[in-house]
> 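Take this structure first; my questions come after.
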Amino acid sequence: TDGTDAGTYRVADIAPGASSSSLGLTYFVDHVLNGVAYFGADDGVHGKELWRSDGTAAGTYMVTELTPGDEISHIVSYGVANGRFIFLHQGGDSSLNGDLWATDGTPAGTSMINTEVDGSNAGVTFGNYLYFAGASGINETRAYNLWRTDGTSPGTERVTVPDATNFVVRRMRAIQAGLVIAGCSGLTTCGLYLADGASNELSKLIDADVQYDYVGDDSQLFFLNWIG
């Protein structure tokens, strides 16, 4: 839609007939890349797979078949980095850990970039990187940390947080000075940190327990520090 009656229409019938295409992909509307939206859909033949659309019928099609056959691909959007759409792919069973993938919208440009990190959600793009909260390991060894990726395997790495282990990210917001990140290591050790987009190590601004979202603009943020 362009916000008018005449400009609001169905783009494509992905699963012709009475069947539903099971359209869906977490947060995909927030991560349109170069005029193309990425989403999960089932055309009744390939199962639920990664699709793309530029808002036209001709420009709406499956990117590639990640899970062969009619098995379902569970896809969770993370964001964009360096002209690539970053997502988590879980084949068949959504209870299993997934792998981190990136695509430029073509089959040849779609590849798995990391098998270690999973269990995250939408991230924040800052500079050449997408920063996101991720988890690695299983059961008692499972750890939550801040990660970043530039859309390549070598450029996907865990971010070092000073004096923190098993770091749980609460919120992130980019301003002129850098990417402001609030998070906690454990239940009581919380802080406000800054990423400059170059180093993979954060600098700590203050000890703070930020439980609510920031407000502000590109130059400064206001936040509530929970005490007690």
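These values consider heavy atoms only, across backbone and side chains, with no hydrogens, waters or symmetry-generated copies. Computed from a prediction, not measured in an experiment: that's the story for all the values here.
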> Does any N or O in the side chain of N82 come within less than 3.5 Å of the main-chain N or O of D150, such that one atom is a donor and the other an acceptor?
yes
> If you take all heavy atoms of C184 and D209, which pair is closest and at what distance?
SG-OD1, 4.4 Å
> What do you reckon, are the aromatic ring centroids of Y38 and F85 less than 6.0 Å apart?
yes
> I'd like to know whether D104 forms a salt bridge (Lys or Arg N to Asp or Glu O under 4.0 Å) with R52, so could you lay out the CA-CA distance, the side-chain angles of the two residues, the decisive distance to 0.1 Å, and finally the verdict.
CA-CA 10 Å; D104 63 2; R52 54 171 286 167; over 6 Å; no
> What verdict does the side chain to side chain contact (heavy atoms under 4.5 Å, CB included) test give for V161 and N145, after you've listed the backbone C-alpha separation in whole Å, the side-chain angles of each residue and the deciding distance to 0.1 Å?
CA-CA 9 Å; V161 182; N145 286 287; 5.8 Å; no
> For D5 and T8, indicate whether the former's side chain and the latter's backbone hold a donor-acceptor pair under 3.5 Å.
no
> Kindly indicate whether the side chain of E65, heavy atoms from C-beta on, has any atom under 4.5 Å from the side chain of L50.
no
> Look only at the side chain of T64 and the backbone of L66, and say whether a donor-acceptor pair between them is shorter than 3.5 Å.
no
> Without swapping roles, check the side chain of T125 against the backbone of V80 for a donor-acceptor pair under 3.5 Å.
yes
> If I take atom CD from residue E201 and atom CG from residue D196, how far apart are they, to the nearest 0.5 angstrom?
10.0 Å
> Taking atom types as modelled, find out whether R148 and Y131 have a side-chain donor-acceptor pair closer than 3.5 angstrom.
yes
> Between S153 and I113, is there a donor-acceptor pair closer than 3.5 Å when you use the side chain of the first and the backbone of the second?
yes
> R84 and G109: which non-hydrogen atoms are nearest, and at how many Å?
NH2-O, 2.6 Å
> Taking all atoms of both residues into account, what is the closest heavy-atom pair of I175 and D218, and its distance?
CB-O, 3.2 Å
> Can you check side chain to side chain contact (heavy atoms under 4.5 Å, CB included) on Y78 and L88, steps first, answer last?
CA-CA 7 Å; Y78 281 12; L88 182 78; 3.6 Å; yes
> Going only through I, L, V, M, F, W and Y residues with side-chain contacts under 4.5 Å, is there a path from L146 to Y129?
yes
> Is the F223 ring parallel, tilted or perpendicular to the Y214 ring (thresholds 30°, 60°)?
perpendicular
> Go through the steps to decide whether M172 and L179 satisfy the test side chain to side chain contact (heavy atoms under 4.5 Å, CB included), and finish with yes or no.
CA-CA 7 Å; M172 298 183 284; L179 182 63; 4.2 Å; yes
> When rounded to the nearest 0.5 angstrom, what is the spacing between OG1 in T67 and NE2 in H46?
12.0 Å
> Is it true that a side-chain atom of D99 and a backbone atom of M112 form a donor plus acceptor pair closer than 3.5 Å?
no
> List the atom of T156, the atom of T152, and the distance in Å for their closest heavy-atom pair.
OG1-O, 2.7 Å
> So do L100 and F132 actually touch side chain to side chain, heavy atoms under 4.5 Å?
yes
> Around atom CG of D2, are there more than 12 heavy atoms from other residues, nucleotides or ligands closer than 6.0 Å?
yes
> For the backbone of A195 and the side chain of S199, can you confirm whether one donor and one acceptor N or O come within less than 3.5 Å of each other?
no
> Are the side chains of L221 and R173 in contact, using a 4.5 Å heavy-atom criterion?
yes
> Rounded to the nearest 0.5 Å, how far apart are CG of L205 and CG of D207?
10.5 Å
> Locate the shortest heavy-atom distance separating S53 from V11; write the atom from each residue and the value.
OG-CG1, 3.7 Å
> Compare all side-chain heavy atoms of R171 with those of V210 and state whether any distance is below 4.5 angstrom.
yes
> Just say parallel, tilted or perpendicular for the rings of F167 and Y193, cut-offs at 30° and 60°.
perpendicular
> Locate the shortest heavy-atom distance separating A102 from G151; write the atom from each residue and the value.
CB-O, 3.7 Å
> Should the ring pair H89 and W101 be called parallel, tilted or perpendicular, given that the plane angle runs from 0 to 90° and is split at 30 and 60?
perpendicular
> Are I181 and F126 linked, directly or through intermediate hydrophobic residues, by side-chain heavy-atom contacts shorter than 4.5 Å (ILVMFWY only)?
yes
> Does any non-hydrogen side-chain atom of I14 lie less than 4.5 Å from one of Y61?
no
> Between V63 and T110, does the side chain to side chain contact (heavy atoms under 4.5 Å, CB included) criterion hold? Intermediate values first, please.
CA-CA 8 Å; V63 176; T110 303; 3.6 Å; yes
> Honestly curious: do V124 and L33 fall in one hydrophobic cluster under the side-chain, below-4.5 Å linking rule?
no
> Please answer whether the main-chain N or O of A41 pairs with a side-chain N or O of E49 as donor and acceptor at a distance below 3.5 Å.
no
> Would a 4.5 Å heavy-atom cut-off, applied to side chains only, mark L194 and L202 as touching?
no
> Identify whether the distance between the nearest side-chain nitrogen and carboxylate oxygen of D213 and R170 falls below 4.0 Å.
no
